[in-house]
There are 2 protein chains.
Amino acid sequence: MAHSPKRKLFLDLVRAIFRINGLLLADGDRMAEGVGLTSARWKVIGIIALSNAGVTVPGIARALGQSRQAVQRITDVMQTDGLVSYATNPRHKRSVLVQLTDQGQQVYHALRTVQDPWAIGLTDDVPVDELESALRLLQRLIFRMEKP
Amino acid sequence: MAHSPKRKLFLDLVRAIFRINGLLLADGDRMAEGVGLTSARWKVIGIIALSNAGVTVPGIARALGQSRQAVQRITDVMQTDGLVSYATNPRHKRSVLVQLTDQGQQVYHALRTVQDPWAIGLTDDVPVDELESALRLLQRLIFRMEKP
DNA sequence: GTCAGGCTGACTGTATGTTGTCAATCTGGC
DNA sequence: GCCAGATTGACAACATACAGTCAGCCTGAC
């Protein structure tokens with residue numbers, strides 16, 4: 001199996017994923033610094049913005065596939081920075097809902113105006129069906145890795 | 001452009017890359033803990049093992065697309081753990097060569113015996129050409145992001 | 001209603017990664 | 001040979017992420 005071409009292919013894919021992950025974070029930081037964010041924070045802001053009624057911290061963590069402690073610390077910092085606010089959760093006494101403040105909304109939209117052209121430019125000459133099939137492959141691998 | 005399906009597709013792809021990056025690190029840690037490694041360390045060990053004559057710390061960093069400081073810290077720890085050794089570099093007075101010790105070699109091979117079946121099993125029913133095209137797409141994106 | 005088990009917040013420790021800075025070394029053009 | 005610019009090692013500050021732990025709250029089965 002050590003000589004399986006598929007094995008080498010897969011390990012190359014793993015290396016590419018590590019590499020592009022780092023590059024995406026670097027690009028994200030570069031785009032976000034204009035609005036005073038870091039990539040970890042706009043990842044969280046993106047999830048909150050997608051929800052209408054607010055989400056709990058563990059809910060954000062599950063959506064991102066991260067530990068709730070990591071998300072908790074980020075939301076705490078963003079609260080002191082005035083980007084998010086905690087609202088009482090009618091369905092759970094201790095688990096509060098995280099919502100974007102007006103300032104948080106403004107930052108989110110400012111970020112979008114930078115992020116959207118970046119996303120478009122990067123995939124300029126990449127056919128849609130290639131994006132689709134790559135996404136399907138990754139999601140398939142994710143699914144298999146999440147169900148042990 | 002906000003309604004471009006390609007934009008949403010790309011952002012889904014970005015999310016999938018973040019997700020699978022985390023899962024790969026978690027799986028890597030799980031596999032590596034049996035031999036006393038972490039995923040950051042086997043990434044470095046893998047690069048060293050591929051080189052015959054030894055590589056410099058900045059060389060490893062370039063291969064991984066990371067900062068040399070991050071790699072330096074890892075190799076320092078692995079040296080005190082006896083996995084790697086520093087050899088004088090005939091081509092550079094200050095920049096030493098990192099080499100695997102016998103123990104490092106053993107750990108590397110022990111890791112392979114766990115990692116290879118994992119790689120095979122994960123891509124069991126994934127056609128080779130799908131892996132190839134996904135890899136090509138990622139490498140294309142990487143190339144565009146590396147050349148600003 | 002009660003209670004066991006799950007979920008959540010808070011805290012701690014550790015690992016990893018980035019950027020920035022400084023001095024020492026190396027390289028290549030002249 | 002010499003010097004400007006790149007490379008390297010060393011150190012520091014900071015951000016992010018994970019795992020573990022504990023106590024309090026919630027949910028659902030009984």
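Note on naming: letters A, B, ... go to the chains in the order of the sequence lines (proteins, then strands), and numbering restarts at 1 for each one.
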>> Tell me every residue that passes salt bridge (Lys or Arg N to Asp or Glu O under 4.0 Å) with B:Asp102, counting only those two or more places apart in sequence or in another chain.
In response: none

> Nearest-Å distance, CG (B:Asn89) to C1' (D:dT8)?
Replying inline: 11 Å

>> Membership question, hydrophobic clusters at under 4.5 Å side-chain separation (ILVMFWY): are B:Val77 and B:Leu25 in the same one?
In response: no

>> In this structure, how many angstroms lie between the C1' atom of C:dT19 and the CD atom of A:Glu33, rounded?
In response: 11 Å

> Roughly how many Å is it from OH in A:Tyr86 to P in C:dG9, rounded to a whole number?
Replying inline: 9 Å

> Mind checking whether A:Ile74 and A:Met78 have side chains closer than 4.5 Å, heavy atoms only?
Replying inline: yes

>> Among residues at least two apart in sequence or on other chains, which ones pass side-chain contact (heavy atoms from CB on, under 4.5 Å) with B:Asp27?
In response: A:Met145, B:Arg30, B:Trp118

>> Could you tell me how far apart B:Asp76 (CG) and D:dA10 (P) are, to the nearest whole angstrom?
In response: 7 Å

> Atom CG of B:Leu64 to atom P of C:dT16: distance rounded to whole Å?
Replying inline: 13 Å

>> If I take atom CG in residue A:Leu37 and atom P in nucleotide D:dA15, what distance separates them, rounded to the nearest angstrom?
In response: 13 Å

> Nearest heavy-atom pair of B:Met31 and B:Leu111: which atoms, and what distance?
Replying inline: O-CD1, 4.3 Å

> Atom OG1 of A:Thr123 and atom CG of B:Leu11: how far apart are they, to the nearest 0.5 Å?
Replying inline: 9.0 Å

> Would you say A:Lys43 reaches D:dA15's phosphate, i.e. side-chain N/O to OP1/OP2 under 4.0 Å?
Replying inline: no

> Going by number, which of residues 18-29 of chain B have a non-hydrogen atom under 4.0 Å from DNA chain C?
Replying inline: none

>> Can you measure B:Gln79 atom CD to D:dG9 atom P for me and round it to whole angstrom units?
In response: 13 Å

>> Under a 3.5 Å threshold, yes or no: a donor from one side chain and an acceptor from the other, between A:Asp29 and A:Ser39?
In response: yes

Give me the distances for all protein-to-nucleotides 13-15 of chain C N/O pairs that come in under 3.5 Å?
none

> Given the rule in the side chain to side chain contact (heavy atoms under 4.5 Å, CB included) test, do B:Val96 and B:Thr56 qualify, once you have shown the distances and angles that lead to the verdict?
Replying inline: CA-CA 6 Å; B:Val96 296; B:Thr56 64; over 6 Å; no

>> I need the CD-P distance between A:Gln66 and C:dT16, as an integer number of Å.
In response: 17 Å

> Under 3.5 Å, side chain of A:Arg144 to main-chain N/O of B:Gly121, donor-acceptor pair present?
Replying inline: yes

> Are the side chain of B:Lys6 and the backbone N or O of A:Ile120 linked by a donor-acceptor pair below 3.5 Å?
Replying inline: no

> A:Asp124: what forms a side chain to side chain donor-acceptor pair (under 3.5 Å) with it, not counting sequence neighbours?
Replying inline: none

>> If you only use heavy atoms from C-beta on, which nucleotide in C:dG17, C:dG9, C:dT21 is closest to the side chain of B:Gln69?
In response: C:dT21

Nucleotides 5-8 of chain C: which of its N/O atoms have a protein N/O under 3.5 Å away?
residue	atom	partner	partner atom	Å
C:dT8	OP2	A:Arg62	NH1	3.2
C:dT8	O3'	A:Ser95	OG	3.1
C:dT8	O2	A:Arg94	NH1	3.1

